[in-house]
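These numbers were taken from a predicted model, which means no experiment stands behind them. All chains are named by letter (A, B, ...) in the order of the sequence lines, taking the proteins before the strands, and each is independently numbered beginning at 1.
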Amino acid sequence: MSLRAFHLLFIAVSVMLTVFFAVWAAAQYNVAHHAGFAVTGVASLACGVALTVYGTAFQRKTRRF
Amino acid sequence: MDIPYIVETRPDTGLANGKLGIWLFLASEVMLFGALFSTYIILRVGAPEWPHGELNVWLGAGNTVILISSSVTMVMAWASLKMKDWGKHRLYLMLTVGLALFFLVNKYFEYAEHVRMHELPSHSTFFAIYFTLTGLHGLHILGGVVVMLYFLGPGAKMWKANPDQFTNRIEYTGLYWHFVDLVWIFLFPVLYLL
């Protein structure tokens, strides 16, 4: 496996982590009703979207490597 | 005598020798960390109760962002070499080293806080496995920093003599670095969230 392929795999796993972290933050918010957890959840999902956009762009731009 | 298959692929494996070597090494690393993760699962399943909220989630999340960013800069360092842009390669590799050191500084403060609270490995099973897993991971980060500093220093000479071999070496370093980052992607939820 090349570094390019491993990087794409790594980004995919990182996106899964951001979703998991957002779910964890939502669960904490349901218990504690602390706004910080809600912000964390939204920020984590935003990071997930940013990583998805980055991964797609990386995949397209490095196709010839 | 020239060493064969350092740049071109070997017909029988379909890989350059260095890539085969780094993947064999990473396979041994999977076994090392796999054994420790298994130990964690066995200890946790067998424990009558397991502590929650012992670690600073925000520091852990910050370190996760740092390592994901460092994987991006690492792959950019390699991609820059593919595009023959030596200046950008140096910049991205230095950024990767900087992010790795930032991670280690954060880890130091996290450890210092636990030591101050007398939360040492002898304190509980949780802290024993926490220090073992994160300590070993931290040593791997340190190892990666040493390798990258070598390629920023004396190892950089190879770029002029054999650019393709140098590019391959940076790719192998990147594979190792991504593996170390991937271990943290699993460590963070397991230790800090669950």
Shortest non-hydrogen contact from A/Ser14 toward B/Ile185: OG-CD1, 3.9 Å

Over all atoms of both residues, closest heavy-atom pair of A/Phe21 and B/Val57: CE1-CG1, 3.9 Å

Are [X] and [Y] grouped together when hydrophobic residues (ILVMFWY) are joined by side-chain heavy atoms under 4.5 angstrom apart?
X        : Y        : value
B/Val65  : B/Leu59  : no
A/Val15  : B/Phe186 : yes
A/Leu51  : A/Leu8   : yes
B/Val180 : B/Leu136 : yes
B/Leu15  : A/Leu9   : no

Worked check of side chain to side chain contact (heavy atoms under 4.5 Å, CB included) between B/Trp78 and A/His7: CA-CA 11 Å; B/Trp78 168 72; A/His7 185 64; over 6 Å; no

Just say parallel, tilted or perpendicular for the rings of A/Phe10 and B/His178, cut-offs at 30° and 60°. perpendicular

Could you give the distance from CG (A/Leu3) to CD1 (B/Ile170), rounded to the nearest 0.5 Å? 10.5 Å

So do A/Thr40 and B/Trp58 actually touch side chain to side chain, heavy atoms under 4.5 Å? yes

Answer yes or no: is there a side-chain heavy-atom contact under 4.5 Å between A/Phe6 and B/Val75? no

Quick one: of B/Glu171, B/Met83, B/Lys82, B/Met74, who has the most non-hydrogen atom pairs under 4.5 Å with chain A? B/Glu171

Between chain A and each of B/Trp177, B/Tyr172, B/Phe179, count heavy-atom pairs under 4.5 Å; write down the option with the most. B/Phe179

Just checking [X]: does its [atom1] atom have more than 12 heavy atoms from other residues, nucleotides or ligands closer to it than 6.0 angstrom?
X        : atom1 : value
B/His118 : NE2   : no
B/Leu24  : CG    : yes
B/Phe102 : CZ    : no
B/Lys107 : NZ    : yes

Between B/Trp23 and A/Met1 (side chain of the first, backbone of the second, donor and acceptor by atom type, cut-off under 3.5 Å), is there such a pair? yes

Contact part of [X] toward chain B, heavy-atom cut-off under 4.5 Å: side chain, backbone, both or neither?
X       : answer
A/Phe20 : side chain
A/Arg4  : both
A/Ser2  : both

